[in-house]
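Bear in mind that the values here come from a model prediction, so they are computed numbers and not experimental data.
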Amino acid sequence: MSHPVMNFEITGKDPEALQRFYRDAFDWQVEPKLPWTMAFPVPDRSTGIVGVIGSTPDELDSYATFYIDVDDLDAALAKVEGLGGTARMRPVDVPDGPRIALFADPEGHLIGLIDSSSRQPR
């Protein structure tokens, strides 16, 4: 049985800035639902996973882990950098897999980008 990703969390010391960053970088819809803000990567919610963007609990460091599917890795990295993010790994081909890249958001979270259309046939 496989275990697909069903949710994500992004936390940080300035959740409002993170919400703006992801909304502007990837056109995500964000809706306040205390104590978190819900994030919907697809406005009509027909695909993708639902997640939250909120404050980091006092006992934890900021954290996030996931990959975002984009059509053009280089264009996505350029947009991220224009919005205050930092490219950490330029696009690479995963053996027998897709092309991926990594960036750090404005709070330093390491986030992946994936071009799933580039996945190599098996």
Side-chain angles (χ1 to χ4, degrees):
M1 175 179 181
S2 66
H3 298 277
V5 174
M6 300 301 291
N7 194 295
F8 64 84
E9 292 182 357
I10 303 170
T11 69
K13 303 303 180 196
D14 188 347
E16 291 82 13
L18 287 171
Q19 293 157 17
R20 281 190 305 275
F21 176 81
Y22 285 96
R23 183 193 64 225
D24 294 347
F26 300 105
D27 299 321
W28 287 2
Q29 180 182 7
V30 295
E31 296 178 6
K33 303 268 188 192
L34 296 177
W36 297 96
T37 293
M38 298 301 296
F40 301 97
V42 178
D44 69 5
R45 303 176 193 172
S46 61
T47 62
I49 61 173
V50 173
V52 296
I53 303 173
S55 298
T56 303
D58 290 337
E59 67 276 9
L60 297 174
D61 290 330
S62 299
Y63 64 90
T65 306
F66 59 89
Y67 279 78
I68 301 168
D69 193 9
V70 297
D71 293 329
D72 183 329
L73 294 173
D74 291 309
L77 284 174
K79 188 172 186 179
V80 160
E81 290 176 308
L83 291 165
T86 304
R88 298 292 301 274
M89 182 179 77
R90 294 288 171 188
V92 298
D93 291 313
V94 174
D96 297 319
R99 288 181 58 76
I100 63 170
L102 295 170
F103 70 90
D105 71 15
E107 286 214 17
H109 299 117
L110 187 63
I111 307 297
L113 297 172
I114 185 170
D115 178 358
S116 62
S117 68
S118 67
R119 185 168 182 78
Q120 303 297 317
R122 291 185 179 232

S.K.: Quick one: closest heavy-atom pair of Leu83 and Pro106, and the distance?
M.R.: O-CG, 4.3 Å
S.K.: Could you pull out all residues at least two apart from Glu16 that satisfy side-chain hydrogen bond (donor to acceptor under 3.5 Å, both in side chains)?
M.R.: none
S.K.: If you take all heavy atoms of Ser62 and Lys13, which pair is closest and at what distance?
M.R.: OG-N, 4.0 Å
S.K.: Output the distance between atom OG1 (Thr11) and atom NE2 (His109), rounded to the nearest 0.5 Å.
M.R.: 5.0 Å
S.K.: Ignoring hydrogens, what is the shortest heavy-atom contact between Pro15 and Gly54? Give both atom names and the distance.
M.R.: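 The answer is CB-C, 3.7 Å.
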S.K.: Measure across Pro91 and Arg99 and return the closest heavy-atom pair with its distance rounded to 0.1 Å.
M.R.: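 Here Pro91 and Arg99 meet closest at CB-NH2, 2.9 Å.
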S.K.: Would you indicate whether the side-chain heavy atoms of Ile53 and Phe21 approach each other to under 4.5 Å?
M.R.: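 Result no, sub-4.5 Å side-chain heavy-atom pair not found.
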S.K.: Between Val80 and Phe26, is there a side-chain heavy-atom distance shorter than 4.5 Å?
M.R.: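 Answer yes - side chains close enough.
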S.K.: Are Met89 and Ile100 packed together at the side-chain level, in the sense that at least one heavy-atom pair is separated by less than 4.5 angstrom?
M.R.: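 Answer yes - side chains close enough.
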S.K.: Stepwise, does the side-chain contact (heavy atoms from CB on, under 4.5 Å) test hold for Asp69 with Tyr67?
M.R.: CA-CA 7 Å; Asp69 193 9; Tyr67 279 78; over 6 Å; no
S.K.: Which heavy-atom pair separates Asp72 from Ala75 by the least distance, and what is that distance?
M.R.: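 Asp72 and Ala75 have their closest heavy atoms at OD1-N, 2.9 Å.
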S.K.: Between Leu77 and Leu102, what is the shortest heavy-atom contact and its length?
M.R.: CD2-O, 4.0 Å
S.K.: For the residue pair Tyr22 and Phe103, categorise the inter-ring angle as parallel (less than 30°), tilted (30 to 60°) or perpendicular (more than 60°).
M.R.: tilted
